[in-house]
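Structure record follows, encoded as structure tokens.
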Amino acid sequence: MSQHSSTPEQIFLTSRDLTAQHLQATLSTALEKRADYADLYFEARTNEVVALEEGTVKKTSRSLSQGVGVRVVADDKTGYAHSDDITVDTLQIAARTARTIAHETGSPQIASVQGIRHPQRDLYSLPTAPTAIPLAEKITLLQRIDEEARRYDPRIVNVMASIAVEQKHVLILSSSGEMVADTQPLLRLQVSCIAADGNNRQQGSHGGGGRMDHHLLFDTDRWQTFAREAARQAILGLEAAPAPAGTMTVVLGSGWPGILLHEAIGHGLEGDFNRKKVSAFSDLLGKKVASELCTVVDDGTLPNRRGSLNVDDEGTPTGRTILIEKGILKGYLQDKLNARLMKMPPTGNGRRESFAHIPMPRMTNTFMLAGESTPEEIIASVPRGLYAVSFGGGQVDITSGKFVFSASEAYLIEDGKVTRPVKGATLIGNGPDVLTRISLVGNDLQLDEGVGTCGKEGQSVPVGVGLPTIRIDGLTVGGTQA
Amino acid sequence: MELENLATEVLEHARKHGATAGDVLVATGESFSTGVRLKEVEKVQQSQEKRMGVRLFVDQRSAITSTADFTRETLFSLIEETIALAKATAADEFSGLPAADMLAKVFPNLDLYDSVSNLSPEEKVALAREAEAVALSADPRITNSEGAEFSSGDHEVLYANSLGFLGKYRTSSYSLTVVPVASHNGAMQRDYWYSSHRKFDKLESPTAIGEKAAERTLRRLGARRVKTQEAPIVFDPQMAASLLRHLAAAISGSALYRKTSFLLGRLGEKIAAGGIWVDDDAHIPSALGSKPFDGEGLPTRRTPVVEDGVLTSYLLDTYSARKLGMQSTGSASRSFSDAPSAGTTNFFLKPGTTPPEEIIRSVRSGLYVTELSGFGVNPVTGDYSRGVTGLWIENGELTYPVEEITIAGNLLDMFKQIEVVGNDLDLRSTVAAPTLKIARMTVAGE
């Protein structure tokens with residue numbers, strides 16, 4: 001089945017002879033017992049990966065998946081069933097399974113199924129679906145990346161690069177009768193280099209992408225930047241000294257170091273954890289949780305970003321949610337269930353990995369707004385500390401509030417100057433107080449290049465982060481030099 | 001027979017359309033999970049799953065595709081697409097199926113299946129409810145819960161290739177997890193405990209799981225930081241297993257031929273302290289990692305990888321073995337949309353003779369690690385830096401809980417500095433280890 005040019009209604013309904021009556025009947029079955037609402041989530045996606053290694057493209061893979069998930073919600077209970085066959089029969093079976101969560105009898109209020117609504121704005125309308133990019137074009141690009149990275153330094157001994165694309169169609173029908181469709185493209189280019197000097201071997205990685213036109217990656221110098229950055233990081237690692245250990249002033253560079261916000265506060269502000277009062281941020285709404293220099297937002301409406309969506313996976317339009325304003329905790333990230341139970345508006349953050357998963361509150365693009373200091377002033381203000389500019393992953397325990405994120409490129413700051421590179425190290429802190437120690441915020445807000453994937457309860461979704469250069473007065477650096 | 005026929009038909013269709021070789025992986029099954037929170041059912045989830053992965057070769061070129069749509073029309077068009085993709089990629093002299101005479105001919109009965117049919121959804125809910133109730137009533141400081149979850153699965157895996165291999169096996173799985181939340185003086189902590197097994201009867205009781213989850217959560221209350229220092233580190237069995245996962249990644253074929261392993265070129269060398277023995281054993285009856293044949297149809301086996309501290313074997317699949325000029329160890333693991341790569345089956349560090357209490361008693365001042373967080377492990381260099389939650393050991397006793405600190409070192413040094421191996425190995429997951437004591441690492445804190 002070709003899904004490059006088909007619309008969600010063709011893929012899910014017309015081609016399967018599914019009508020509004022069938023959908024109505026499924027909702028009726030789902031809502032036969034007393035329930036608050038139900039929804040159907042149809043999904044079809046194509047994923048392709050083309051990978052280069054040792055100078056040639058030897059690996060290509062394509063994967064097709066499709067299915068429907070039926071959910072019934074009663075109070076705070078969720079019943080869920082899914083099937084990778086989409087037929088009148090499987091819909092009925094799934095609806096009957098999902099409704100077992102509800103026991104009390106009730107009189108169902110089924111609104112009639114309306115026509116398909118398309119989101120009012122389109123944040124990622126593309127001239128070509130990413131899955132329609134000719135294979136030859138991808139292979140050529142990967143080979144040029146290989147050459148570019150090796151040209152950077154003769155000590156680059158291997159280059160691994162890949163282009164991963166996804167085209168996802170969704171159709172979401174809720175028991176209010178509203179039906180919304182969306183087509184969500186995604187593209188990611190990743191480069192990893194190995195540098196070797198004698199027995200000293202190091203790896204560097206860089207990449208980027210988004211829900212974007214591939215020409216903006218393929219036909220500009222962005223891919224060259226990725227290749228050179230991966231090579232530069234690998235070479236830099238060859239001369240990195242052991243990292244310091246202990247609590248010190250840390251300056252985070254702009255962009256991807258925004259993973260700090262994602263781990264330190266983002267997860268802790270997701271509605272489910274706060275409704276259950278298991279988050280270190282529970283009951284802190286309106287309280288000061290950061291220095292007044294800090295304003296942090298989650299914004300799913302940025303055009304072409306990896307973390308953006310026209311509508312979330314429950315059909316709610318995404319928005320811009322202020323989480324922290326001048327240091328004061330202002331809001332949580334909500335899906336429908338948690339918003340209803342907390343008597344707050346949904347924020348368009350109900351997301352799920354696929355039709356086989358129950359939606360929950362998730363971040364989109366999470367970043368701190370720019371301040372007034374220049375990055376140079378910030379570094380010059382530090383007598384001794386760590387300047388961390390690139391990171392691997394992070395993790396948080398939302399209940400204790402303790403979070404970690406691991407620097408992959410960092411330098412010592414000595415007497416207000418960036419001096420020697422040091423090896424990667426994990427930084428660890430406490431979510432509810434780390435932002436109170438931010439003493440300077442730069443004027444150089446940048447969003448990351450578009451590589452982030454967030455995991456929660458076994459579900460992965462694409463996200464973005466962003467940060468201006470910031471100074472944190474006291475964060476624990478987990479190096480080896482005590 | 002239907003899936004066997006389908007797999008054979010796919011390979012036949014591929015051959016007719018120009019594929020010179022190929023293989024097919026098919027998995028089907030169903031799973032159920034239910035969550036209970038604060039004594040009420042919170043979630044019931046049921047799924048039917050199926051998926052097929054097809055890898056086709058045109059001489060030394062190959063491509064992989066996967067789908068959940070088993071209609072002939074979709075499969076046949078997918079096969080033609082796969083062949084076209086394969087033709088567009090570069091030839092790889094090491095690619096291809098294993099030699100025909102290496103394929104498994106007999107399949108050991110590993111007792112991996114236990115029928116779930118006689119367990120009703122209500123009984124499953126009751127198990128989760130009971131485990132949570134035990135945790136909630138363990139202590140007044142257990143004030144909240146992220147719930148308890150029971151899940152079960154029933155899956156069948158079939159693998160066939162164009163050399164005539166066809167094998168399949170069926171597995172069942174059961175697990176029960178509880179996540180209590182404790183609070184004291186305004187600070188909250190959560191921890192968990194779980195049990196997971198292929199046999200329902202072998203699951204730990206809801207009472208045992210609930211009690212252990214409560215105990216693990218309560219002992220974290222009042223956690224503080226410690227000063228930056230060097231100290232001996234004791235890893236509890238779960239955290240010791242995480243060190244073994246880093247070892248497994250470093251001896252797997254792809255990390256070696258890509259030269260991204262800190263153990264590159266160390267075969268035959270001492271990489272750990274004497275007295276360290278590590279096996280990968282696919283034949284342990286009913287174990288979670290056991291399988292009768294590997295992801296390429298080769299026989300599985302027991303492979304000793306570290307013997308008295310010396311690295312004696314890598315874990316290899318056919319491709320990485322050819323790249324390295326070695327033999328496959330029957331370690332191929334195959335996913336639907338990726339080529340086979342070497343992985344572990346049941347990978348464990350053999351127990352020593354020292355009880356864990358005695359290991360703790362041997363430490364005058366040091367750290368007992370019960371949780372590690374973050375991704376601060378560099379596979380290329382072995383450099384290691386992770387966040388820690390645990391308990392501080394003073395004069396041989398576990399004293400106060402600690403958090404918001406890190407430990408750092410280098411994996412190779414850490415393996416060489418293992419001073420004591422506990423006698424408490426428990427194969428509760430596919431990678432397992434007993435309590436381990438490492439002589440010294442850097443602790444970063446205040």
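First the proteins, then the strands, lettered A, B, ... as listed; each starts at 1.
Of the two parts of B:Ser183, neither the backbone nor the side chain holds a non-hydrogen atom closer than 4.5 Å to a non-hydrogen atom of chain A. Looking at B:Glu42, both its backbone and its side chain come within 4.5 Å of chain A, counting heavy atoms on both sides. Proximity to chain B is absent for every atom of A:Ser408, based on heavy atoms less than 4.5 angstrom apart. No part of B:Lys227 comes within reach of chain A, as not one of its non-hydrogen atoms sits under 4.5 angstrom from that chain. Interface residue A:Lys402: only side-chain heavy atoms are found under 4.5 Å from chain B. When heavy atoms are compared at a cutoff of 4.5 Å, A:Asp75 does not approach chain B at all. For A:Val477, the part lying near chain B is the backbone, with the side chain staying farther off; criterion is any non-hydrogen pair under 4.5 Å. Both the backbone and the side chain of A:Asn430 come within less than 4.5 Å of a heavy atom of chain B. A:Leu427 does not touch chain B: none of its heavy atoms, backbone or side chain, sits under 4.5 Å away. Residue A:Ala81 touches chain B through both its backbone and its side chain, counting heavy-atom pairs closer than 4.5 Å. Using a 4.5 Å cut-off between heavy atoms, A:Glu54 touches chain B through its side chain atoms alone. Residue contact with chain B, scored on non-hydrogen atoms closer than 4.5 Å, involves the backbone and the side chain of A:Lys58 alike. Of the atoms belonging to A:Met248, not a single heavy atom falls under 4.5 Å from chain B. Contacts between A:Ala425 and chain B at a heavy-atom distance below 4.5 Å involve backbone atoms as well as side-chain atoms. B:Ala88 touches chain A through backbone and side chain together, each having a heavy atom under 4.5 Å away. Using a 4.5 Å cut-off between heavy atoms, B:Arg61 makes no contact with chain A at all. Proximity to chain B (any heavy atom under 4.5 Å) is shown, for A:Ser63, by both the backbone and the side chain. Heavy atoms of A:Thr97 lying under 4.5 Å from chain B belong exclusively to its side chain.
Per-residue counts of heavy-atom pairs under 4.5 Å with chain A were compared for B:Thr260, B:Val388, B:Thr71, B:Thr82; the largest is that of B:Thr260. Looking only at heavy-atom pairs under 4.5 Å with chain B, the residue among A:Gly479, A:Ser279, A:Gly429 that has the most is A:Gly429. Options B:Thr65, B:Val181, B:Leu78 differ in how many heavy-atom pairs under 4.5 Å they form with chain A, and the most are formed by B:Thr65. In terms of heavy-atom pairs under 4.5 angstrom with chain A, the leader among B:Ser373, B:Ser337, B:Gly53, B:Gly376 is B:Ser373. Between chain B and the residues A:Ile139, A:Val49, A:Ile101, A:Val50, the largest count of heavy-atom pairs under 4.5 Å involves A:Ile101. Counting heavy-atom pairs closer than 4.5 Å to chain B, the top-ranked of the candidates A:Thr247, A:Asn47, A:Thr60, A:Val404 is A:Thr60. The greatest number of non-hydrogen atom pairs below 4.5 Å with chain B, out of A:Asp272, A:Val73, A:Ile398, A:Val72, is found for A:Ile398. For the set B:Glu446, B:Arg55, B:Lys259, B:Glu73, the count of heavy-atom pairs under 4.5 angstrom toward chain A peaks at B:Lys259. By number of non-hydrogen pairs under 4.5 angstrom with chain A, the leading residue of B:Val443, B:Thr389, B:Ile407, B:Ile405 is B:Ile405. Your options are B:Gln229, B:Gln189, B:Met441, B:Glu230, and the one with the most heavy-atom pairs under 4.5 Å with chain A is B:Gln189. For the set A:Thr100, A:Thr56, A:Val57, the entry with the most heavy-atom pairs within less than 4.5 Å of chain B is A:Val57.
B:Glu49 has its side chain out of reach of B:Glu30: every pair of non-hydrogen atoms, C-beta onward, lies at least 4.5 Å apart. Side-chain contact between B:Asp92 and B:Tyr319 is present, with heavy atoms from C-beta onward closer than 4.5 Å. No side-chain heavy atom of A:Ile428 sits under 4.5 Å from any side-chain heavy atom of A:Phe403. A heavy-atom distance below 4.5 Å is found between the side chains of A:Ser192 and A:Gln203. Looking only at side-chain heavy atoms (C-beta outward), A:Pro359 and A:Arg71 come within less than 4.5 Å of each other.
A side-chain donor-acceptor contact under 3.5 Å links B:Asn410 and B:Asp383. Between the side chains of B:Ser66 and B:Arg51, at least one donor N or O sits under 3.5 Å from an acceptor N or O. Side-chain contact annotation: A:Thr87 with A:Asp85, donor-acceptor N/O pair under 3.5 Å absent. Judged by distance alone, the side chains of B:Ser151 and B:Ser175 do bring a donor and an acceptor atom under 3.5 Å apart. Between the side chains of B:Asp191 and B:Thr217, no donor-acceptor pair is found at a separation under 3.5 Å.
Residues B:Phe375 and A:Phe405 keep their aromatic ring centres 6.0 Å or farther apart.
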For a salt bridge (Lys or Arg N to Asp or Glu O under 4.0 Å) check, start with the C-alpha distance between B:Glu40 and A:Lys77, then their side-chain angles and the critical distance, and finish with the verdict.
CA-CA 9 Å; B:Glu40 297 286 331; A:Lys77 304 182 197 335; 3.4 Å; yes

Would A:Thr131 and A:Arg62 satisfy side-chain hydrogen bond (donor to acceptor under 3.5 Å, both in side chains), going step by step from the backbone distance to the final call?
CA-CA 10 Å; A:Thr131 42; A:Arg62 173 175 299 174; over 6 Å; no

B:Phe32 and B:Gln45: side chain to side chain contact (heavy atoms under 4.5 Å, CB included), yes or no, with the steps?
CA-CA 6 Å; B:Phe32 173 91; B:Gln45 188 166 8; over 6 Å; no

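The side-chain tip of A:Lys456 points at the ring of A:Phe273 from less than 6.0 angstrom away and within 45° of straight on. Relative to the six-membered ring of A:Tyr80, B:Lys43 misses at least one condition, a distance below 6.0 Å or an angle of at most 45° to the axis.
Residues meeting the side-chain hydrogen bond (donor to acceptor under 3.5 Å, both in side chains) test with B:Thr89, sequence neighbours left out: none.
Atom CG of A:Asp76 and atom CG of B:Leu38 lie 9.0 Å apart (nearest 0.5 Å).
Salt bridge annotation for B:Arg37-B:Glu146: absent, with no cationic side-chain nitrogen under 4.0 angstrom from a carboxylate oxygen. By the 4.0 Å N-to-carboxylate-O rule, A:Lys138 lies close enough to A:Glu48 to be salt-bridged with it.
Scanning residues 218-226 of chain B against chain A with a 4.5 Å non-hydrogen threshold yields B:Arg220, B:Arg225, sorted by number.
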